[in-house]
Number of protein chains: 2
Amino acid sequence: MLTDRQIQVLQVIIDEFIHTAQPIGSRAIAKKEQISFSPATIRNEMADLEDLGFIEKTHTSSGRVPSERGYRFYVDHLLSPFLLSNQEMSVIAQTFEKEIIEFEKVVQKSARVLSDMTNYTSIILGPEVFKTTLKQIQIISLSDQAAVAILVTNTGHVEHRYFTVPSTMQASDLEKLVNILNKRLAGVPIIQLQEKLYGEVAQLLQKYSNDFETTYTYLKAALLEKKPVKLYMDGKTNILLQPEFNDIEKIQSLYSVMEKEDKMANILRSTSKGIKVSIGQENELDEMQDCSLITASYTLGGEQMGTVALLGPKRMEYSRVISLLNVLSTRLSKTFNTWY
Amino acid sequence: MLTDRQIQVLQVIIDEFIHTAQPIGSRAIAKKEQISFSPATIRNEMADLEDLGFIEKTHTSSGRVPSERGYRFYVDHLLSPFLLSNQEMSVIAQTFEKEIIEFEKVVQKSARVLSDMTNYTSIILGPEVFKTTLKQIQIISLSDQAAVAILVTNTGHVEHRYFTVPSTMQASDLEKLVNILNKRLAGVPIIQLQEKLYGEVAQLLQKYSNDFETTYTYLKAALLEKKPVKLYMDGKTNILLQPEFNDIEKIQSLYSVMEKEDKMANILRSTSKGIKVSIGQENELDEMQDCSLITASYTLGGEQMGTVALLGPKRMEYSRVISLLNVLSTRLSKTFNTWY
DNA sequence: TGTTAGCACTCCTAAACCTCGAGTGCTAAA
DNA sequence: TTTAGCACTCGAGGTTTAGGAGTGCTAACA
């Protein structure tokens with residue numbers, strides 16, 4: 001469909017535009033080493049490329065700028081694998097080398113590394129709790145009316161929920177309750193918790209006192225309450241460095257959408273395995289139409305647990321970013337799998 | 001020092017500028033109801049006010065704008081208590097009315113309410129953990145090499161720390177350890193934890209096995225590791241609405257300082273009891289020299305536990321913001337004290 | 001037939017230039 | 001002491017201009 005020469009020209013335009021953010025003219029292209037034909041020829045090719053929708057002019061007599069279609073073609077066909085430098089690799093390695101047994105910290109650090117290395121905004125979706133299983137429940141009473149239930153999952157994730165307790169409920173009863181719950185629920189996938197809590201456990205508890213029953217009701221409600229998935233972002237201000245975001249309105253709209261963590265989480269969650277690139281209008285959210293979002297998933301035992309992503313201008317360093325995300329998501333998976 | 005008339009003029013200038021963000025001219029002032037003298041007179045007074053440093057010109061023939069000294073005088077002497085509307089009060093009430101026993105949620109909601117009602121950025125410093133006492137410790141082993149210690153404080157705050165365990169350590173031993181710790185540490189102020197852990201508890205544990213010793217070393221390290229204080233911010237994008245922040249550079253520098261949570265936490269922590277107003281250059285951080293920061297502390301049992309703050313342009317609605325912060329911090333204190 | 005030099009043309013950018021009006025300070029009269 | 005009057009200042013915003021980067025087209029060339 002595209003001639004070799006057209007592809008060559010397109011490649012130069014996009015490569016160049018990614019670095020300069022300026023429209024590229026025929027003369028500039030001709031000066032490139034790999035190009036061996038004259039500006040006039042290039043102008044002809046560019047006219048064709050424009051007709052085909054791969055590049056655009058910003059005004060009648062301007063140089064060319066990649067269109068979204070152009071970026072798409074570039075991402076699909078023109079990317080050569082980017083070799084990260086030793087220095088870069090060692091920075092990443094450092095993130096994982098320390099003896100940390102806390103996944104949250106590793107994720108936080110990863111987010112930091114990603115945004116620092118790219119000058120884009122990094123977003124990491126924490127491990128999906130509902131794919132883990134329950135390890136243990138603990139209940140600690142805080143006063144004669146309140147207690148906190150603490151859940152620990154097989155991935156070492158700790159979560160706590162507060163609930164009310166009838167003041168007549170004994171401490172020993174609470175203990176009994178905990179024992180029953182642990183016996184019945186240990187090893188149960190979090191996603192099946194609801195069913196279990198309403199099913200066999202409820203039945204089992206019926207023979208106990210009234211207090212028991214009301215406590216259980218509160219506890220159940222607390223346990224089933226969905227916690228929003230954790231979203232780790234870093235380098236939000238990096239967007240301000242991009243020349244395409246020199247407009248307060250754009251920043252405003254992008255920032256306001258980034259504040260809606262549930263929306264962002266949904267987008268990251270709905271990605272398939274591996275790397276995915278969304279360019280401009282391909283993004284679900286209108287507010288992200290001037291951006292590209294590149295996502296990579298990390299896994300536990302082959303199952304997708306979370307997502308690592310970078311958000312930047314459409315003019316992203318696709319090749320480099322993809323390599324980085326690849327490395328980081330694999331390392332995250334690896335650490336995750338070693339631990340659990 | 002200032003004549004009544006000068007004060008009148010100053011008040012009008014600041015009140016007006018707070019709402020319009022535009023320099024105020026003598027004619028505009030003369031039109032105000034409470035003003036009964038001519039523009040020419042006002043011009044004379046303004047010249048004096050400028051000499052005294054309370055107002056400034058943006059250029060030779062412009063209207064006047066309050067100086068930081070002017071704001072300071074305004075805040076110290078010209079503020080009349082702002083009466084919040086019934087509607088506003090009921091919005092605040094709603095934040096506290098629901099049966100939530102989770103302090104974190106109340107704080108989050110408060111931050112949201114504050115930023116929504118003011119269009120400024122709200123910052124709340126969570127309760128200081130080191131002022132609470134330890135309620136209970138639990139240890140849950142995750143694998144044969146890792147375990148998680150869970151601390152619950154008297155304020156219901158739950159925290160967890162991961163640590164490594166020698167693989168030869170028995171589950172029953174861990175239980176024994178927990179029992180000893182609970183017996184010795186329940187009720188101990190978190191701030192004294194270190195001392196206790198190194199002192200009597202260490203001694204007590206010496207008679208046990210080698211494994212015990214190493215486990216304890218890891219655990220101790222994990223427990224003493226300082227967690228950063230939680231900072232809740234909301235309405236970060238509100239700053240973009242302020243006309244004084246129409247400059248990407250300013251936004252950039254302000255946002256980057258907001259991302260440094262530890263710095264912000266320090267500033268909020270170091271405030272004294274009650275309301276404090278920092279205007280422009282009075283702020284510690286250079287990046288905040290175009291802002292005003294108003295802070296109010298909330299307490300538990302008379303002791304300062306955390307801080308509620310609003311960050312906006314120097315041209316803040318001081319009166320209203322102060323009232324709001326007063327109401328919110330008292331309500332936070334009240335809820336906090338009822339619970340614990 | 002594909003490539004290239006030449007050239008007229010377009011349109012943006014940045015600077016220079018106006019114009020208008022809001023606001024001032026000063027002076028002199030009330 | 002207050003105020004009206006007036007000349008003066010300066011910025012905001014619009015218009016003009018010059019320069020240059022880049023294009024498309026045509027015609028010559030390999």
Side-chain angles (χ1 to χ4, degrees), chain A residues 1-10 12-17 19-67 70 243-244 246-248, chain B residues 2-10 12-17 19-67 70 243-244 246-247:
Chain A
M1 174 171 174
L2 288 187
T3 68
D4 280 0
R5 202 165 60 187
Q6 284 172 339
I7 290 181
Q8 246 187 89
V9 170
L10 182 58
V12 170
I13 291 178
I14 301 188
D15 281 341
E16 204 63 10
F17 187 72
H19 288 108
T20 62
Q22 298 294 328
I24 321 296
S26 53
R27 233 177 79 86
I29 297 175
K31 274 189 194 146
K32 285 269 139 188
E33 272 185 14
Q34 66 263 47
I35 299 292
S36 53
F37 22 90
S38 76
T41 314
I42 293 169
R43 281 202 290 281
N44 289 329
E45 298 294 12
M46 290 206 288
D48 290 349
L49 282 171
E50 186 171 2
D51 287 343
L52 293 167
F54 291 99
I55 53 179
E56 290 166 352
K57 281 191 276 197
T58 60
H59 58 86
T60 18
S61 72
S62 78
R64 301 309 210 288
V65 155
S67 68
E244 33 267 277
N246 56 0
D247 172 8
I248 307 256
Chain B
L2 289 188
T3 67
D4 281 358
R5 204 164 60 187
Q6 283 172 339
I7 289 181
Q8 244 186 88
V9 170
L10 182 58
V12 170
I13 291 177
I14 300 188
D15 281 340
E16 204 62 11
F17 187 71
H19 288 108
T20 63
Q22 297 295 329
I24 321 295
S26 54
R27 233 177 79 87
I29 297 175
K31 274 191 192 143
K32 285 269 139 188
E33 272 186 11
Q34 65 264 47
I35 300 292
S36 51
F37 24 90
S38 77
T41 315
I42 293 168
R43 280 203 289 281
N44 289 328
E45 297 293 13
M46 290 206 290
D48 290 349
L49 282 171
E50 186 171 2
D51 287 344
L52 293 168
F54 291 99
I55 54 179
E56 290 166 351
K57 281 191 276 198
T58 61
H59 58 87
T60 16
S61 72
S62 77
R64 301 310 209 290
V65 154
S67 69
E244 33 268 276
N246 55 0
D247 172 9

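The chains referred to below are lettered A, B, ... by the order of the sequence lines, with proteins before strands, and numbering in each begins at 1.
- Here CD1 of Ile55(B) is found 7.0 Å from CG of Leu10(B). Values are rounded to the nearest 0.5 Å.
- Regarding contacts with the backbone of dT2(D), a side-chain N or O of Arg5(B) is found under 4.0 angstrom from either OP1 or OP2.
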How far apart are the C-alpha atoms of Lys32(B) and Glu16(B), what are their side-chain angles, what is the distance that settles it, and do they pass the side chain to side chain contact (heavy atoms under 4.5 Å, CB included) test? CA-CA 10 Å; Lys32(B) 285 269 139 188; Glu16(B) 204 62 11; 3.3 Å; yes
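- The side chain of Arg43(B) lies closest to dC26(C), out of dT3(C), dT2(D), dC26(C).
- At dG22(D), none of the side-chain N or O atoms of Ser26(A) fall inside 4.0 Å of OP1 or OP2 (strictly under the cut-off).
- Distances shown here put a side-chain N or O of Ser38(B) below 4.0 Å from the OP1 or OP2 atom of dT3(D).
- The distance from atom CD1 of Ile42(B) to atom C1' of dT24(C) is 13 Å, rounded to the nearest whole Å.
- One cannot find a donor-acceptor pair under 3.5 Å joining the base of dG20(D) and the side-chain atoms of Arg27(A).
- Between dA21(D) and Lys57(A), no contact under 4.0 Å exists linking OP1 or OP2 to a side-chain N or O.
- In this structure, Asn246(A) places its CG atom 12 Å from P of dT13(C), rounding to the nearest Å.
- When the P atom of dT3(D) is taken as reference, atom CZ of Phe37(B) falls 9 Å away, rounded to whole Å.
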Pair Glu56(A), Arg64(A) - check side chain to side chain contact (heavy atoms under 4.5 Å, CB included), show working. CA-CA 5 Å; Glu56(A) 290 166 352; Arg64(A) 301 309 210 288; over 6 Å; no
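- Heavy atoms only, all atoms of each residue included: Ala21(A) and Pro243(A) are closest at CB-CG, 3.8 Å.
- In this structure, Ile24(A) places its CD1 atom 10 Å from P of dT23(D), rounding to the nearest Å.
- When heavy atoms are screened at a 4.0 angstrom cut-off, Ser62(A) is found touching the sugar-phosphate backbone but no base atom.
- Atom pair Glu45(B):CD and dG25(C):P shows a separation of 12 Å (rounding to whole Å applied).
- Taking atom CG of Asn44(B) as the reference point, atom P of dT2(D) lies 9 Å away to the nearest angstrom.
- When the side-chain nitrogen and oxygen atoms of Arg64(A) are compared with OP1 and OP2 of dT23(D), one or more of them lie within a distance under 4.0 Å.
- The side chain of Met46(B) has dT24(C) as its nearest neighbour among dT4(C), dT24(C), dG11(D).
- Both Ala40(B) and Ser61(B) lie close to DNA chain C; mapped to their nearest nucleotides by heavy-atom distance, the more 5′-ward contact belongs to Ser61(B).
- To the nearest angstrom, C1' of dT24(C) lies 12 Å from CD1 of Ile55(B).
- Atom CD1 of Ile29(A) sits about 4.5 Å away from atom CE of Met46(A), to the nearest 0.5 Å.
- For Glu16(B) and dG23(C), the CD to P distance is 12 Å, given to the nearest whole Å.
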